[in-house]
Structure formats: structure tokens, C-alpha cells
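All heavy atoms count here, side chains included; hydrogens, waters and symmetry mates do not. Heads up: numbering here begins at 1 and tracks the sequence. Counting convention: from 1, in listed order, for ligands and their atoms alike. Quick caveat: nothing in here was measured; it's all calculated off a predicted structure.
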Amino acid sequence: MKITKLTTYRLPPRWMFLKIETDEGVVGWGEPVIEGRAKSVEAAVHELGEMLIGQDPARINDLWQVMYRGGFYRGGPILMSAIAGIDQALWDIKGKVLNAPVWQLLGGQVRDKIKAYSWVGGDRPADVIEGITALRKIGFDTFKLNGCEEMGIIDNSRKIDDAVNTVAQIREAFGNEIEFGLDFHGRVSAPMAKVLIKELEQYRPLFIEEPVLAEQAEYYPRLAAQTHIPIAAGERMFSRFEFKRVLEAGGLAILQPDLSHAGGITECFKISGMAEAYDVSLAPHCPLGPIALAACLHIDFVSRNAVFQEQSMGIHYNKGAELLDFVKNKEDFKMDGGHFMPLMKPGLGVDIDEEQVIARSKNVTDWRNPLWRYPDGAVAEW
Ligand SMILES: O=C(O)[C@H](O)[C@@H](O)[C@@H](O)[C@H](O)CO
Ligand SMILES: [Mg+2]
């Protein structure tokens, strides 16, 4: 079998799908994208595609090494997201050829179901509580919310109180019948993270995510040393060579590699094994579309240290398309009591509605993340 064509489709809300065709008619789908830089990743996919045309799609490990090591300059969000989507599509092809779901090819299930969590938006505590109440009705009991708005490098106690007040009201409303992670989203400097974490300790959030930016990862062990709250990060780390450093330094209790940013299934399966060796859990990052989610689920079902799975149903970013809009077999993303069941169809197990993809890929507006500024005009971390 030989790879014959790569076609990319940029789609609402901020996704990109990749279709890889072969000379025997077997097709694989992937989701290479970095939110806000879809066109850059699209260019990278087609640059890397030049090395794939005519190659045997079954040789995933070799093709991965060719794409990664074949370039003198490597790594980073754009190239690793391009490799990720191509890798997902190659695993999709392999599963279809061998008539088995990817988790079966990776050694079979390690669990029967995986807990899902849902984003809950809202700027005021009342909105957040309303959101959680609605999501509980459809089976979720685990949530994630932004831990704070923009936060000055050194900010005042009112900003801290605002952030803590939301969390206090959530605990007040629901006690410990629910759990929630707080995503600091890299918005917070190390000194402010120290203060915020200290004040939040008493409310026992399930985890605190990206308490500081990945480029400040040396603070993760220091912040972990001051708190009992598990620290999570990983969505802005792009290969096992980056994850190696944070595992070695310690401090992270939860690794959150993104299956569409960190080199795909091949790379994230290795990362999950590395994390297990350090007794660190895995919670793949996934605010994206159905192919990215499927890739996460295949890793969840073969990684004992996977603990919960992010998914984007109803996420505040999904304007213009919802998680399963481009999927024919919506029922295969089976949920039971806030847990995903395994995808059973061959390959990634996602049946893409190509007609819809083609139609909706025409004149797509490119999503950009907001550019925040402090009151004094300086750029703030979003
Ligand atoms: O944890 C999450 O889902 C993320 O932090 C998410 O909010 C961002 O990755 C966003 O997608 C960036 O545009
Ligand atoms: Mg995050």
C-alpha cells in the first residue's frame, strides 16, 4: 500500500482535519491543529507530506522518525501538531487495514471506561454554578473552569479574593458532590500563583492546571512543594523530550499532553509510559474536535495512569460547530454516567461526514485567541 494524497480542511470552530489517501482506497483521518495557527500547521502538514507520498502507511514508526528527525530543526507547536495529525491518520489507516480499533493494536484495554470532565464557562460565580447544575443533569460530576481572569505580574488582594470567591461559592453550592480543576491558563506569574494556591488550598480543587506558563516549568516543583493540590500541565509541551524534563524535575501530578499537539498517538503513548514510570497520572488535553478526542480515548484505554479525559462538548470555544457535527457515527462516542466507553470501530473509530467537511471548509474564518492588555496597556497573558 502507498500514500497517495494529503488533503487538509480548515473548519469551524477552530479545527483542521487531514485526510490521507492510499493507492488501495483505504483512507485515514487526523486532526493536526494548534488553536489560532491553523494555516501554519496546514503549511507544515503539506511540507511534511512531501516525504510521505509513495511511502507505505503501515511503517508508522519509521515515518514518524522521518518527519521528526528528517528536519534539522524540529519540535515546537507547529511541526509537532502537523506530525500529530498525520500520525493519527496513519493509525486510522492501520486499524482499518487490520480491522481493529487502535487501542486493540496498542495491546488492548486496560480499563472498561474513562471518566470525562466538562468545561464550565461563566465570569460570575452565579453563572458558573448555573453551568455546573446544567451539566450535572447530563451526567457530569467533574468539571474545569478558568481559575482567574487576567492577573497582574504582582496584583492586588481584590483580584485574589475574586478568584477564591468563585471557588468558595462552588464548594458552598455543591460541597464535595462534584470535583473541579482550576485552569490558571498560564495567566499567572509565579509570585501570584503562590498566593492564589495558598488561598485555594482549603477548597481542595481536583487539580490546578498551568499555574505558570510551560516556559516557567522550573516553578512547578516549587509550587508543588507548598501545596497538597495536584499540579497539572502539558498542553504546551510538544514531545517526550520536553516531558522528560518536567518528569525529572518533579512537581507535576498530572500530565496533559494534547494528542493533536504532541506528536500524536505514537508520541503520546510513549509519554504516558514515561509518566507512569514517575507515578504521574495522565489526563490528555482536548478542547478540540472529534478526531483529536478519539485519539485521546485510544491512549486512555491503554494507559493505566490515565485518570480523566477533557472533551469539548459545549465548550465556550465551539462557536459555529459542536464536537460531533462532522461525525456520522455520533452514537459511537458512547457516554455512561460521565464516562466514555471505548470506540469499537476499526482505526480511530470515527466515521467522518466528508460531504459536510468539504462544504463547511469553504471560506472559514480563522480563529485567533484574544490579545489581552493590562489597564496600563502592557500585554497580559490570556
Ligand atoms: O485546558 C484547556 O482546554 C485549554 O487551556 C484551552 O482553554 C486552551 O488550550 C485553548 O484551547 C487555547 O486556545
Ligand atoms: Mg488548559
Side-chain angles (χ1 to χ4, degrees), residues 10-16 31-41 77-78 80-81 84 116-123 128 131 135 140 142-151 163 179-188 193 196 205-217 220 223 229-238 243 246 252-262 268 281-293 295-296 307-323 365-372 380-382:
R10 279 178 287 109
L11 291 164
R14 52 183 198 157
W15 305 337
M16 180 158 71
E31 191 172 335
V33 74
I34 264 279
E35 302 92 298
R37 292 284 178 264
K39 282 184 182 162
S40 305
V41 176
I78 304 300
M80 295 310 284
S81 297
Y117 70 83
S118 184
W119 261 98
V120 57
D123 297 326
V128 175
L135 286 163
F140 287 102
T142 306
F143 306 93
K144 180 159 86 175
L145 54 142
N146 279 319
C148 59
E149 291 306 304
E150 81 276 6
M151 183 69 71
E179 288 310 332
F180 55 90
L182 296 174
D183 192 348
F184 281 16
H185 216 248
R187 292 173 176 167
V188 182
L196 261 173
L206 188 60
F207 59 89
I208 282 180
E209 179 173 324
E210 287 200 315
V212 292
L213 288 161
E215 49 265 53
Q216 304 292 348
Y220 292 149
L223 293 169
I229 304 170
I231 306 286
E235 68 185 83
R236 289 189 273 195
M237 298 172 194
F238 305 105
F243 283 99
V246 292
L252 290 186
I254 305 169
L255 280 200
Q256 300 172 304
D258 185 300
L259 268 283
S260 282
H261 302 351
C268 289
S281 62
L282 186 82
H285 173 258
C286 190
L288 292 172
I291 305 171
L293 176 58
C296 291
V307 285
F308 27 75
Q309 179 57 50
E310 182 177 24
Q311 51 73 45
S312 75
M313 266 181 279
I315 199 170
H316 33 299
Y317 303 114
N318 283 0
K319 306 258 184 305
E322 246 312 334
L323 177 63
T365 34
D366 269 339
W367 183 86
R368 291 280 181 276
N369 60 257
L371 177 67
W372 281 2
E381 291 287 354
W382 167 63

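Considering only heavy atoms from C-beta on, I254 stays 4.5 Å or farther from I231 through its side chain. Annotation: side chain of L213 is in contact with side chain of R236 (closest heavy-atom distance under 4.5 Å). Counting heavy atoms from C-beta on, the side chains of N318 and W15 come closer than 4.5 Å.
Proximity to W119 (heavy-atom distance under 4.0 Å) selects the following atoms of ligand 1: 1 (O), 2 (C), 3 (O), 7 (O). In the vicinity of P287, heavy-atom distances shorter than 4.0 Å reach the ligand 1 atoms 3 (O), 11 (O). Residue contact check: H185 has heavy atoms under 4.0 Å from atoms 5 (O), 6 (C), 7 (O), 8 (C) of ligand 1. Listed by number with element, the atoms of ligand 1 under 4.0 angstrom from any heavy atom of K144 are 1 (O), 2 (C), 3 (O). Per-residue contacts place W382 under 4.0 angstrom from the following atoms of ligand 1 (heavy atoms of the residue considered): 12 (C), 13 (O).
Protein N/O/S atoms found under 2.8 Å from the Mg ion (ligand 2), listed by chain and residue number: D183 OD2, E209 OE2, E235 OE1.
The closest protein non-hydrogen atom to atom 2 (C) of ligand 1 is H285 NE2, 3.1 Å. Among all protein heavy atoms, the one lying closest to atom 3 (O) of ligand 1 is E310 OE2, 2.5 Å. Nearest non-hydrogen protein atom to atom 7 (O) of ligand 1 is Y317 OH, 2.6 Å.
Under 4.0 Å from ligand 1, the heavy atoms of E209 that appear belong solely to its side chain. At a heavy-atom cutoff of 4.0 Å, ligand 1 is contacted by the side chain of D183 but not by its backbone.
Atom CD1 of I208 sits about 9.0 Å away from atom CG of L223, to the nearest 0.5 Å. For the atom pair NZ of K144 and CZ of F180, the computed distance is 14.0 Å after rounding to the nearest 0.5 Å. A distance of 5.0 Å separates CG in L145 from CG in L182, rounded to the nearest 0.5 Å.
By the neighbour-count criterion of 12 heavy atoms within 6.0 Å, atom NZ of K319 is densely surrounded, having more than that number from other residues, nucleotides or ligands.
Remark: the backbone N or O of A38 is not paired with any side-chain donor or acceptor of D366 at under 3.5 angstrom. Between the R37 side chain and the I78 main chain, no donor and acceptor come within less than 3.5 Å of each other. Side-chain atoms of E322 come within 3.5 Å of backbone atoms of G314 as a donor-acceptor pair (strictly under, hydrogens ignored).
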Would you please test V212 and Y220 for side chain to side chain contact (heavy atoms under 4.5 Å, CB included) and show each step?
-> CA-CA 8 Å; V212 292; Y220 292 149; 3.6 Å; yes
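Considering backbone and side-chain atoms alike, E210 places every N or O at 3.5 Å or more from each N or O of ligand 1. Taking distance alone, with nitrogen or oxygen atoms compared against 3.5 Å, E35 approaches ligand 1 more closely than that limit. Ligand 1 has no N or O atom lying under 3.5 Å from any N or O atom of N369, backbone or side chain. Checked by distance only, ligand 1 and W367 stay at 3.5 Å or farther apart across all their nitrogen or oxygen atoms.
When H316, E310, Q311 are each tested for a side chain to side chain donor-acceptor pair (under 3.5 Å) with W119, only one passes: E310.
Residues E235 and H185 have side chains that never bring a donor and an acceptor to within less than 3.5 angstrom of each other.
Counting only non-hydrogen atoms, the option in E235, H261, R14 that gets closest to atom 5 (O) of ligand 1 is E235.
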